[in-house]
Amino acid sequence: MNDCKHEWYITDKTQQGKSLMVKCHKCEMFGFVEDPTKDEWRAADKAESEPYLWNDNSRVKIWPGGQ
């Protein structure tokens with residue numbers, strides 16, 4: 001069980017345009033944010049080279065397998 005107080009960073013967006021990929025800076029677990037707004041989607045354009053902090057942890061879903 002992971003007791004990390006996750007610090008999620010947007011790292012990329014999916015090709016299908018339906019979710020943002022996130023990674024916890026502390027434990028390196030992966031997750032995603034479904035149905036981003038148009039502004040959230042645009043903000044993630046440079047996330048692959050410039051990851052940035054995601055502040056709404058309630059919207060993050062853990063990627064199956066987590067890592």
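These figures come from a predicted structure and were not determined experimentally.
- At most 12 heavy atoms of other shown residues, nucleotides or ligands fall within 6.0 angstrom of atom NZ in Lys61.
- Between Tyr9 and His25, the angle of the ring planes lies from 30° to 60°, which puts this pair in the tilted group.
- For the side-chain contact (heavy atoms from CB on, under 4.5 Å) with Pro36, the qualifying choice from Glu34, Lys38, Glu40 is Glu40, the only one to do so.
- Rounded to the nearest 0.5 Å, atoms CH2 (Trp54) and OG1 (Thr11) are 12.0 Å apart.
- The two atoms that bring Cys4 and Lys26 nearest to each other are SG-CB, 3.6 Å, heavy atoms only.
- In this structure, Arg59 and Asp35 approach most closely via the heavy-atom pair NH2-O, 3.7 Å.
- Rounding to the nearest 0.5 angstrom, the gap separating the CZ atom in Phe32 from the OG1 atom in Thr14 is 10.0 Å.
- Lys18 pairs by the side chain to side chain contact (heavy atoms under 4.5 Å, CB included) definition with Gln16, not counting sequence neighbours.
- Smallest separation of non-hydrogen atoms from Val60 and Val22: CG1-CG2, 3.8 Å.
- Evaluation of the ring-ring contact (aromatic ring centres under 6.0 Å, His included) rule for Trp8 yields His6 as partners, not counting sequence neighbours.
- Between Ser58 and Asp56 the shortest heavy-atom distance is OG-OD1, 2.5 Å.
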Could you tabulate the donor-acceptor pairs under 3.5 Å formed by side-chain atoms of residues 42-53, not counting sequence neighbours?
{"from": "Arg42", "atom 1": "NH2", "to": "Asp39", "atom 2": "OD1", "distance (Å)": "2.6"}
{"from": "Asp45", "atom 1": "OD1", "to": "Lys13", "atom 2": "NZ", "distance (Å)": "2.3"}
{"from": "Ser49", "atom 1": "OG", "to": "Lys46", "atom 2": "O", "distance (Å)": "3.3"}

